[in-house]
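Below, all heavy atoms of this structure are taken into account, side chains as well, without hydrogens, waters or symmetry copies. Here, residue 1 is the first one in the sequence, and each next residue gets the next number.
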Amino acid sequence: MNDQKVNDVIKLTPIEFQAALKKKVFFHFNLQHSVHKKNKKYCLLKILKPGYSNKKIYIHPVLSPKIFLLATCKSSKDFVNYSKVKKYELKKSLLAIKNIKNLKLSILKKYGKSLSYIDKDTKIKMGVSITKLEIFNKINFKLND
């Protein structure tokens, strides 16, 4: 992976990862902000077991080592109010989210366990980050016996 010059990892839920396998360009939504930067390269990995945080400890998610997707960030916006999310961003989202209501439900589900100490209303008020990604490679990782 070093020769690919990957800048960071983007962790995807199993449903998001399956959708990413079928798309070339898409929008990915996170809660409030992300560290994604335009023109940087990212390794997309599937979450096998979600992580957890309760303010005192953070348990990292378990990630799949079998398939990696490599992507370039084409754009990234942080602290976006739901009312400012564009229809084309929803239409081209990883999960083909149809409307803002579904986006909010998706974000609440995605961060339900990992940020369980934050109530639902606060999570919604935090807004979203929107990252546009373009897949440029898929790597199947296999260990030799």
Side-chain angles (χ1 to χ4, degrees), residues 1-82 84-100 102-118 122-145:
M1 210 161 42
N2 284 342
D3 60 336
Q4 295 290 336
K5 295 185 174 119
V6 172
N7 297 94
D8 207 346
V9 170
I10 296 176
K11 297 166 260 192
L12 301 176
T13 67
I15 294 169
E16 289 174 328
F17 193 83
Q18 289 305 316
L21 287 170
K22 301 172 189 170
K23 296 189 177 197
K24 175 82 172 156
V25 177
F26 56 86
F27 290 94
H28 181 244
F29 294 91
N30 283 306
L31 183 65
Q32 195 174 40
H33 67 89
S34 70
V35 296
H36 310 147
K37 303 290 182 216
K38 186 176 180 177
N39 297 323
K40 299 291 184 184
K41 293 181 173 42
Y42 295 89
C43 179
L44 282 57
L45 297 169
K46 179 169 83 171
I47 298 170
L48 296 178
K49 183 179 178 185
Y52 176 79
S53 174
N54 67 5
K55 277 191 168 178
K56 293 180 183 177
I57 61 167
Y58 175 74
I59 305 296
H60 289 277
V62 176
L63 304 172
S64 173
K66 295 181 181 178
I67 300 175
F68 302 84
L69 295 175
L70 301 178
T72 302
C73 176
K74 295 299 184 180
S75 67
S76 182
K77 299 185 286 186
D78 293 330
F79 305 102
V80 179
N81 186 295
Y82 286 91
K84 302 292 184 190
V85 175
K86 309 289 185 210
K87 287 185 180 186
Y88 70 88
E89 293 168 331
L90 292 172
K91 185 177 178 182
K92 289 254 185 191
S93 71
L94 205 48
L95 301 178
I97 297 167
K98 304 290 185 220
N99 56 47
I100 297 300
N102 287 347
L103 176 58
K104 289 178 181 178
L105 291 172
S106 176
I107 291 291
L108 290 174
K109 182 178 178 182
K110 185 175 180 177
Y111 293 96
K113 288 184 181 179
S114 63
L115 295 175
S116 59
Y117 62 90
I118 301 174
T122 301
K123 284 179 190 162
I124 296 302
K125 289 176 185 170
M126 293 168 76
V128 292
S129 72
I130 306 169
T131 304
K132 184 178 182 182
L133 295 164
E134 181 176 1
I135 303 292
F136 67 87
N137 201 357
K138 175 183 168 184
I139 298 170
N140 290 306
F141 187 73
K142 296 179 184 175
L143 293 174
N144 294 329
D145 292 330

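Around atom NZ of Lys110, more than 12 heavy atoms belonging to other residues, nucleotides or ligands sit under 6.0 Å away. Applying the 6.0 Å contact sphere to NZ of Lys24 captures more than 12 heavy atoms from other residues, nucleotides or ligands. In Lys92, the NZ atom is not crowded: 12 or fewer heavy atoms of neighbouring residues, nucleotides or ligands sit closer than 6.0 Å. Summarising the local packing, CG of Leu21 is surrounded by more than 12 heavy atoms from other residues, nucleotides or ligands at distances under 6.0 Å.
In this structure the side chain of Phe27 reaches within 4.5 angstrom of the side chain of Lys132, judged on heavy atoms. For the pair Lys98 and Leu90, the minimum side-chain heavy-atom distance is 4.5 Å or more. Using a 4.5 Å heavy-atom cutoff, the side chains of Phe68 and Lys138 are not in contact. Ile47 places a side-chain heavy atom less than 4.5 Å from the side chain of Leu63. Under the 4.5 Å side-chain criterion, counting only non-hydrogen atoms from C-beta, Leu133 is not in contact with Leu69. Residues Ile135 and Leu44 are in side-chain contact: their nearest non-hydrogen atoms beyond the backbone lie under 4.5 Å apart. Val85 is listed as a side-chain neighbour of Phe29, based on a closest heavy-atom distance under 4.5 Å. Inter-residue side-chain proximity for Ser129 and Leu31 is flagged as unmet; no heavy-atom pair is nearer than 4.5 Å.
Here the closest heavy-atom approach between residue Val35 and residue Tyr42 is recorded as O-OH, 3.6 Å. The nearest pair of heavy atoms linking Lys37 to Cys73 is O-CB, 3.2 Å. Minimum interatomic distance between Ala19 and Leu94 (heavy atoms only, all atoms of both residues): CB-O, 3.1 Å. Residue Ser116 comes nearest to Tyr52 through the heavy atom pair OG-CE1, 3.5 Å, listed as atom of the first residue, atom of the second, then distance. Residues Ser106 and Leu95 approach most closely at OG-CD1, 3.9 Å, considering heavy atoms. When all heavy atoms of Asp78 and His33 are compared, the pair lying nearest together is OD1-CA, 3.5 Å.
Note that CG of Leu103 is 9.5 Å distant from CG of Leu108, once rounded to the nearest 0.5 Å. Taken to the nearest 0.5 Å, the CD1 atom of Ile124 stands 4.0 Å off from the OH atom of Tyr82. To the nearest 0.5 Å, the span separating CG on Asn81 from CE on Met126 amounts to 13.5 Å. Ile130 CD1 to Lys77 NZ: the interatomic distance, rounded to the nearest 0.5 Å, is 4.5 Å. Rounding to the nearest 0.5 angstrom, the gap separating the OG atom in Ser53 from the OH atom in Tyr111 is 12.5 Å. Atom CD1 in Ile107 sits 10.5 Å away from atom CG in Leu115 (nearest 0.5 Å).
Put simply, the side chain of Lys23 gets close to the backbone of Ser93: a donor and an acceptor are under 3.5 Å apart. The main-chain N or O of Pro61 is never found under 3.5 Å from a side-chain atom of Lys11 such that the two would form a donor-acceptor pair.
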- Task: Report the C-alpha distance between His28 and Ile10 in whole Å, list the side-chain angles of each, state the deciding distance to 0.1 Å, and finish with yes or no for side-chain contact (heavy atoms from CB on, under 4.5 Å).
- Result: CA-CA 10 Å; His28 181 244; Ile10 296 176; 3.9 Å; yes
- Hey, mind stepping through His36 and Thr131 against side chain to side chain donor-acceptor pair (under 3.5 Å) and telling me if it holds? CA-CA 7 Å; His36 310 147; Thr131 304; 2.7 Å; yes
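For Lys104, the salt bridge (charged side-chain N to carboxylate O under 4.0 Å, His left out) criterion is met by no residue, not counting sequence neighbours. Partners of Asn7 under the side-chain contact (heavy atoms from CB on, under 4.5 Å) rule, at least two apart in sequence or in another chain, are Lys40, Lys41.
Two rings, from Tyr58 and His60, have their centers less than 6.0 Å apart.
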